[in-house]
Amino acid sequence: MQIQEDIKTLYNYEAFARFIKLIHNLREEAIEELHEASNETIQQVSGRIITYDQVLQLVNWEELVKRHSEYM
């Protein structure tokens with residue numbers, strides 16, 4: 001799969017790690033927002049959280065943090 005090779009290449013760049021850290025922070029903010037969300041917005045906020053989770057899983061967030069811990 002080409003995307004995995006692209007991600008492997010991007011792993012070498014600290015700017016990529018900072019960008020993914022932003023995704024992680026947005027996920028955390030959405031989780032906080034979920035606690036205060038009305039019944040009407042829960043589904044929307046949950047959808048954003050799922051999307052952020054998918055990106056973090058795709059790039060193997062835990063491994064990226066280990067590799068670039070000094071920039072995170």
Side-chain angles (χ1 to χ4, degrees):
M1 180 183 265
Q2 180 66 33
I3 191 69
Q4 292 298 338
E5 293 174 22
D6 293 342
I7 290 171
K8 218 176 189 180
T9 300
L10 290 169
Y11 255 67
N12 295 316
Y13 298 98
E14 60 195 59
F16 177 68
R18 288 192 304 268
F19 173 72
I20 297 301
K21 172 71 172 168
L22 172 65
I23 299 296
H24 179 265
N25 290 344
L26 290 171
R27 176 188 172 272
E28 296 302 313
E29 288 175 15
I31 290 170
E32 289 178 21
E33 187 179 333
L34 187 60
H35 294 294
E36 301 168 0
S38 67
N39 289 338
E40 294 81 35
T41 59
I42 287 176
Q43 188 174 9
Q44 180 184 7
V45 174
S46 296
R48 288 193 347 244
I49 293 168
I50 289 169
T51 301
Y52 295 140
D53 281 340
Q54 288 172 333
V55 171
L56 293 171
Q57 289 174 5
L58 184 64
V59 301
N60 194 355
W61 166 248
E62 288 89 15
E63 184 62 33
L64 190 64
V65 169
K66 288 177 189 173
R67 184 165 185 169
H68 293 285
S69 61
E70 66 273 12
Y71 306 112
M72 310 294 265

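Along the sequence shown, the residues carry numbers beginning at 1.
Using a 4.5 Å heavy-atom threshold, the side chains of H68 and F16 count as separate. Side-chain contact check for V55 versus W61: every heavy-atom pair is 4.5 Å or farther apart. In this structure, the side chains of Q4 and L58 come closer than 4.5 Å at one or more pairs of heavy atoms.
Among I7, L56, V65, the single residue meeting the side chain to side chain contact (heavy atoms under 4.5 Å, CB included) criterion with I20 is L56.
More than 12 heavy-atom neighbours from other residues, nucleotides or ligands sit within 6.0 angstrom of CD on E70.
Within the structure, side-chain hydrogen bond (donor to acceptor under 3.5 Å, both in side chains) contacts touching residues 14-30 (residues at least two apart or in different chains) are E14-R18, E14-Y71, R27-D53.
Hydrophobic clustering of Ile, Leu, Val, Met, Phe, Trp and Tyr side chains at less than 4.5 Å, counting indirect connections, keeps I49 apart from L26. Taken together through direct or relayed side-chain contacts under 4.5 Å among Ile, Leu, Val, Met, Phe, Trp and Tyr, L34 and Y52 form parts of separate hydrophobic clusters.
Between I3 atom CD1 and K8 atom NZ the span is 13.5 Å, to the nearest 0.5 Å. With rounding to the nearest 0.5 Å, the separation of CG in L10 from CD in E5 is 12.0 Å.
Between the side chains of R67 and N60, no donor-acceptor pair is found at a separation under 3.5 Å.
Of all heavy-atom pairs spanning V45 and A30, the tightest one is CG1-O, 3.3 Å.
With T41 contributing its side chain and A37 its backbone, the two residues share no donor-acceptor pair below 3.5 Å.
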